[in-house]
Protein chains: 2
Amino acid sequence: MSPSDTALVERPASIGRRYLHDEVVVRLRELILSGELEPRSRVNEADLCRRFDISRTPLREAIKLLAAEGLLDLLPNRGSRVAALSAQEIEEVLEVVAALEGAAGELACLHITDEEIAAIEVLHASMVDAWQRRDPPPYFELNRRIHEAIMAASRNNALQGVYATMSGRIQRARYAASKTPEQWALAIADHEEMIILLKARDGATLGSLMRRHVRSKRPVISAAFGNA
Amino acid sequence: MSPSDTALVERPASIGRRYLHDEVVVRLRELILSGELEPRSRVNEADLCRRFDISRTPLREAIKLLAAEGLLDLLPNRGSRVAALSAQEIEEVLEVVAALEGAAGELACLHITDEEIAAIEVLHASMVDAWQRRDPPPYFELNRRIHEAIMAASRNNALQGVYATMSGRIQRARYAASKTPEQWALAIADHEEMIILLKARDGATLGSLMRRHVRSKRPVISAAFGNA
DNA sequence: TGGTGCCATTTTGCATTCATTATGCATAAT
DNA sequence: ATTATGCATAATGAATGCAAAATGGCACCA
């Protein structure tokens, strides 16, 4: 990663300094996550160079970076392609995400302010609203923001960094998965429990709950994602 | 990362195919972890090009990759330098490592074989021996191998990948830290408890123990590492 | 004597070029 | 008709070239 960007490290962030490849990483990541570049499709360097109007050097640097994030696979002498995780790999990454969110829950209880909890409650209310309207897009978005709010409350940059990377790797799978009404209701119940535990600052219990909560998405995701 | 190497992703690994920058990543990482390249020191591209006898392109790719791992910091227009984590950053990363090892403990109980447990017991016995001889180097090495054996038993490649990256980032700090006799004895006791829990396949308890065990290194490390 | 600005040198970031490897297609052989 | 082979084309990996930025030294000045 590089200073301006992103996940794992961002410390020496002076102002105004930018790498070209940083910009490219951001835009290329968007193309991948949005699905504009389809999973398993080969990446043509010349095309992207024209698209971004840069030379191949910074583009290739960006490709290497995204490969390190797990968003691209490198094929020696044949360039790179958009990563498509197998069902098993998705489950593996999900397990990592569960561990990270669990840690965030524990740490958040040590640092979160009442204001932050209140903000999460507001997000939660909107999310319940979206759920009652059976409206997945805002539901997903609000759900993501709640989890990120807890992440932020962990006050741990390293944790937030790996979490961003890991959850990015399975983001598309997450969106592709659709819950049954029962699973959906259980997820809502989990979130309400989470808020209670946050208020009680019960880190140990919140940690376990969040690990279980994230793991509970496993059948949903791997069912929807039948590419092994 | 790239196919042949390494932590996060390594799947499309056909044979014989190699990137130059892969080789460089491995060798450069050794230079950093061994301390041959000192923390905070600037990295001179021309020097390393001569040393590795390659051109700047693959070297720069390797630098980007190691920056993504958190081993190097990128300084726009001023190259890169060896990362030197502050005490706070070390604590942050250690917290992540604790979460990952905890997850490994939980998963290991689901998959570990009796033979693997026996192998860990052998390692543990050697480690106790090194401890009684007050001989840190083999102690550290055996300790590392025990934790890695549990990681391997998690049967989760994604987990092992991030773990390798994260623990690499604080490896030097770990080695620099020296325990008090009490801390040392407690660590040994933890390991014995871990073996008991592995035999009992008690994942939940082992997970908590490992999280606590790793966290217990925090005062040791941050005390020894007073560079904020 | 200590600080400041200027200029030469070095180093970096990016573009371009070159060599090697893969890919697609036409042709030939069975 | 189908598969295999060779060749032309395209794309990749690495080296080199070049312009911009940073670093260091020196003269100049307060």
Side-chain angles (χ1 to χ4, degrees), chain A residues 1-6 9-10 12-28 31 37-38 40-68 71-83, chain B residues 1-6 9-28 37-38 40-68 71-83:
Chain A
M1 307 304 87
S2 1
S4 49
D5 189 17
T6 172
V9 178
E10 76 301 319
S14 13
I15 35 174
R17 310 319 188 81
R18 267 206 132 51
Y19 287 105
L20 249 192
H21 72 246
D22 262 337
E23 193 81 19
V24 177
V25 163
V26 172
R27 293 186 56 186
L28 192 48
L31 290 183
L37 260 41
E38 284 183 31
R40 295 221 158 268
S41 68
R42 287 264 298 273
V43 171
N44 186 308
E45 296 181 0
D47 286 351
L48 288 174
C49 284
R50 276 189 294 274
R51 177 169 206 155
F52 296 138
D53 194 35
I54 52 163
S55 80
R56 283 176 59 217
T57 307
L59 175 72
R60 296 180 100 259
E61 291 172 346
I63 288 173
K64 302 281 181 306
L65 259 6
L66 290 171
L71 258 27
L72 290 175
D73 288 339
L74 263 28
L75 314 170
N77 293 315
R78 286 184 303 159
S80 56
R81 73 170 168 221
V82 179
Chain B
M1 309 305 91
S2 4
S4 50
D5 188 17
T6 174
V9 178
E10 78 301 323
R11 281 175 305 117
S14 9
I15 35 173
R17 309 320 186 82
R18 265 203 132 52
Y19 289 103
L20 252 190
H21 72 246
D22 261 339
E23 193 81 18
V24 177
V25 163
V26 172
R27 295 185 55 185
L28 191 48
L37 259 43
E38 283 183 31
R40 294 221 159 267
S41 68
R42 288 264 299 273
V43 171
N44 185 308
E45 296 180 359
D47 286 349
L48 288 175
C49 285
R50 275 188 294 275
R51 186 197 275 250
F52 296 139
D53 194 36
I54 51 163
S55 78
R56 285 177 57 218
T57 306
L59 175 73
R60 297 181 100 258
E61 291 172 346
I63 288 173
K64 302 282 182 307
L65 260 1
L66 290 171
L71 257 27
L72 291 175
D73 288 338
L74 263 28
L75 314 170
N77 293 317
R78 286 184 301 161
S80 55
R81 71 169 170 222
V82 179

Nucleotide N/O of nucleotides 23-25 of chain C paired with protein N/O under 3.5 Å:
from	atom 1	to	atom 2	distance (Å)
C:dT23	OP1	A:Arg42	NH1	3.2

If you restrict it to nitrogen or oxygen atoms, what contacts under 3.5 Å exist between nucleotides 16-18 of chain C and the protein, and what is each distance?
from	atom 1	to	atom 2	distance (Å)
C:dT16	O4	A:Thr57	OG1	3.4

Contacts of [X] that satisfy side chain to side chain donor-acceptor pair (under 3.5 Å) - sequence neighbours left out:
| X | result |
| --- | --- |
| B:Arg27 | none |
| B:Glu45 | B:Arg56, B:Arg60 |
| A:Asp47 | A:Arg50 |
| A:Arg51 | A:Glu36 |

Length of the line joining [X]:[atom1] and [N]:[atom2], which is rounded to integer Å:
| X | N | atom1 | atom2 | result |
| --- | --- | --- | --- | --- |
| A:Glu45 | C:dA22 | CD | C1' | 13 Å |
| A:Leu75 | C:dA22 | CG | P | 12 Å |
| B:Arg81 | C:dT11 | CZ | C1' | 17 Å |
| A:Tyr19 | C:dC14 | OH | P | 8 Å |
| B:Arg60 | D:dT16 | CZ | P | 16 Å |
| B:Leu20 | D:dT12 | CG | C1' | 13 Å |
| B:Arg50 | C:dT10 | CZ | P | 12 Å |
| B:Leu59 | D:dA15 | CG | P | 10 Å |

- Query: With a 4.0 Å cut-off on heavy atoms, is B:Val43 in touch with a base, just the backbone sugar-phosphate, or nothing at all?
  - Reply: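 Result for B:Val43 = sugar-phosphate.
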First locate atom [atom1] of [X], then atom [atom2] of [Y], and finally report the distance between them rounded to the nearest 0.5 Å.
| X | Y | atom1 | atom2 | value |
| --- | --- | --- | --- | --- |
| B:Leu37 | B:Arg81 | CG | CZ | 13.5 Å |
| B:Leu28 | B:Leu59 | CG | CG | 7.0 Å |
| B:Asp73 | B:Ser80 | CG | OG | 8.5 Å |
| B:Leu66 | B:Leu74 | CG | CG | 10.0 Å |

- Task: Specify the residue among B:Ala46 and A:Pro58 whose closest nucleotide of DNA chain C lies further upstream toward the 5′ end.
- Result: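 Checking each residue's closest nucleotide, the 5'-ward one belongs to B:Ala46.
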- Query: Which nucleotide, D:dT12, C:dT11, C:dC14, lies nearest any side-chain atom of A:Asn44?
  - Reply: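 Selected nucleotide: D:dT12.
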- Determine yes or no for a side-chain-to-main-chain donor-acceptor pair under 3.5 angstrom, with B:Arg42 supplying the side chain and B:Arg78 the backbone.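 The answer is yes, because a donor-acceptor pair under 3.5 Å joins these two groups.
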